[in-house]
Amino acid sequence: MTVLELTHPRPDIAVITLNRPEKLNALSYELVEAFHSTLDEIAADNECRVVVLTGAGRGFCSGLDLTAPNPPQAGGGIEFPRSGMRWQERIAELTVRLHRLRQPVIAAVNGPAYGGGFAIAAAADIRLASETARFCTQFIKLGLGGCDIGVSYTLPRIIGAGHAFDLILTARQVDADEALRLGLVSRVSANVLDDALAIAETLCSYGKFGLESTKQVLWANLEAGSLEQALHLENRSQILASTTGEVREASEAFRHRPR
């Protein structure tokens, strides 16, 4: 059985399914490497426009597989702590790569998202939760620092510093309803994967350049130093989008819509 599945319900939508259900999709060396290879494939796929990320079985991702916390193959044969740093960086790079994808990423969190699984969900652009979803940073419970795999960057930007400090320092579990109240997820769904695919189809109905540039501008302007800086990037993206011909097509479709 493959530890990760990549499917295409339609050519412009990719579904990544973490597939170690017996371990709640914990991050093993094989799964992390398969994840990187899949992101390589998606990044090179010019037909794919939206990515949906979910887990097999009853969990999204339970974080690092603690039965093999420092797999020897991850360090390339070098000694610890150098080998540990290689492995740490390899896992953490997944969050960077999700950000770098030109395609929006929708996390369909179908169950527990703990530790690294929480971090991966937080790196997505849109998050939906099933009614059984649970979120927990967990790292500090394991004798480590509470800040890992990007959560000290992503989580305050999603839910604000106060709530992020609470969740990271206490490592308390958050259920789907609280996640919705905090703004960690935008929807709680009885059919989370179906709803994520419906959102993906909506996004695919928009202009190709416009969709890609919107993701890029949103993330870039989280770091903008002023309103003027944000507007400069928005203005240039809008003018570039206007050269694609998609504005004219959208205007024609709007004009001829049923009344």
Side-chain angles (χ1 to χ4, degrees), residues 4-7 9 13-21 24-27 31-32 34-36 38-39 42-43 48-63 91-138 148-151 153-155 157-159 164 167 173-180 182-204 211 214-215 218-219 222:
L4 183 147
E5 294 182 351
L6 175 63
T7 56
I13 297 174
V15 177
I16 299 174
T17 304
L18 309 181
N19 192 33
R20 300 184 72 213
L24 290 179
N25 306 312
L27 296 169
L31 178 52
V32 170
F35 206 159
H36 275 289
T38 299
L39 293 177
I42 289 171
C48 177
R49 302 189 57 212
V50 182
V51 177
V52 174
L53 175 61
T54 194
R58 61 186 183 87
F60 179 76
C61 176
S62 59
I91 300 171
E93 190 183 0
L94 289 171
T95 59
V96 177
R97 299 200 63 191
L98 290 169
H99 271 215
R100 285 179 181 167
L101 281 180
R102 68 180 183 279
Q103 299 96 336
V105 178
I106 304 169
V109 183
N110 57 304
Y114 276 34
F118 189 158
I120 287 169
D125 304 299
I126 298 174
R127 281 161 300 283
L128 280 65
S130 72
E131 295 167 345
T132 60
R134 299 291 183 270
F135 301 86
C136 179
T137 56
Q138 188 160 268
D148 197 18
I149 317 182
V151 295
Y153 179 91
T154 56
L155 199 56
R157 284 163 171 76
I158 297 167
I159 62 174
L167 298 192
Q173 179 180 275
V174 172
D175 65 17
D177 289 337
E178 185 177 4
L180 182 62
L182 291 173
L184 178 58
V185 301
S186 55
R187 308 183 195 185
V188 175
S189 171
N191 299 290
V192 68
L193 182 56
D194 288 345
D195 286 350
L197 289 170
I199 293 173
E201 290 181 4
T202 297
L203 298 187
C204 287
L211 183 61
T214 297
K215 172 174 176 171
L218 280 169
W219 282 113
L222 281 176

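All figures in this text were calculated on a predicted structure; none of them were measured in a lab.
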With rounding to the nearest 0.5 angstrom, report the [atom1] to [atom2] distance, [X] to [Y].
X    : Y    : atom1 : atom2 : answer
S130 : L193 : OG    : CG    : 11.0 Å
I16  : T54  : CD1   : OG1   : 11.0 Å
I91  : D148 : CD1   : CG    : 8.0 Å
L53  : R127 : CG    : CZ    : 11.5 Å
F118 : L155 : CZ    : CG    : 4.5 Å
L180 : S189 : CG    : OG    : 11.5 Å

Testing the basics here: between [X] and [Y], what is the closest heavy-atom pair and its distance to 0.1 Å?
X    : Y    : value
V52  : A200 : CG2-CB, 4.1 Å
I159 : L182 : CG2-O, 3.4 Å
N110 : G55  : ND2-O, 2.9 Å
G117 : F60  : O-CE2, 3.5 Å
A179 : V174 : N-CG1, 3.4 Å
I158 : A122 : CD1-O, 3.5 Å

Exercise for the section: Flag the pair R187 and D195 as a salt bridge only when some basic side-chain nitrogen lies within less than 4.0 angstrom of an acidic carboxylate oxygen. Expected result: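 Looking at R187 and D195, the cut-off is not met.
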Side-chain contact, heavy-atom cut-off 4.5 Å: [X] with [Y]?
X    : Y    : value
P104 : I126 : no
L94  : I149 : no
L167 : F135 : no
L128 : I199 : yes

Practice task
Check the pair L4, L18 against side chain to side chain contact (heavy atoms under 4.5 Å, CB included), reporting the backbone distance first and the verdict last.
Solution key: CA-CA 5 Å; L4 183 147; L18 309 181; 3.9 Å; yes
Practice task
Can you establish whether the number of heavy atoms outside R100 located under 6.0 Å from its atom CZ is more than 12?
Solution key: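 Counting other residues, nucleotides and ligands, CZ of R100 stays at 12 neighbours or fewer.
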Practice task
Please work out whether the ring planes of H99 and W219 are parallel, tilted or perpendicular, with thresholds of 30° and 60°.
Solution key: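 Geometry flag for W219 against H99: tilted rings.
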Could you tell me whether a side-chain N or O of [X] sits under 3.5 Å from a main-chain N or O of [Y], the two making a donor and an acceptor?
X    : Y    : value
Q103 : C48  : yes
N19  : E5   : no
R97  : H36  : yes
D175 : R134 : no
R58  : L24  : no

Practice task
Evaluate the side chain to side chain contact (heavy atoms under 4.5 Å, CB included) criterion for residues I42 and V51: first the C-alpha distance (whole Å), next the side-chain angles of each, then the deciding distance (0.1 Å), finally the verdict.
Solution key: CA-CA 8 Å; I42 289 171; V51 177; 3.7 Å; yes
Problem - Test side chain to side chain contact (heavy atoms under 4.5 Å, CB included) applied to L222 and L218, step by step - result: CA-CA 7 Å; L222 281 176; L218 280 169; over 6 Å; no
Exercise for the section: Would you sort out whether V109 and V185 count as a side chain to side chain contact (heavy atoms under 4.5 Å, CB included), showing the intermediate values? Expected result: CA-CA 9 Å; V109 183; V185 301; 5.5 Å; no
Problem - Partners meeting side chain to side chain contact (heavy atoms under 4.5 Å, CB included) with E131 (sequence neighbours left out) - result: V188, A190
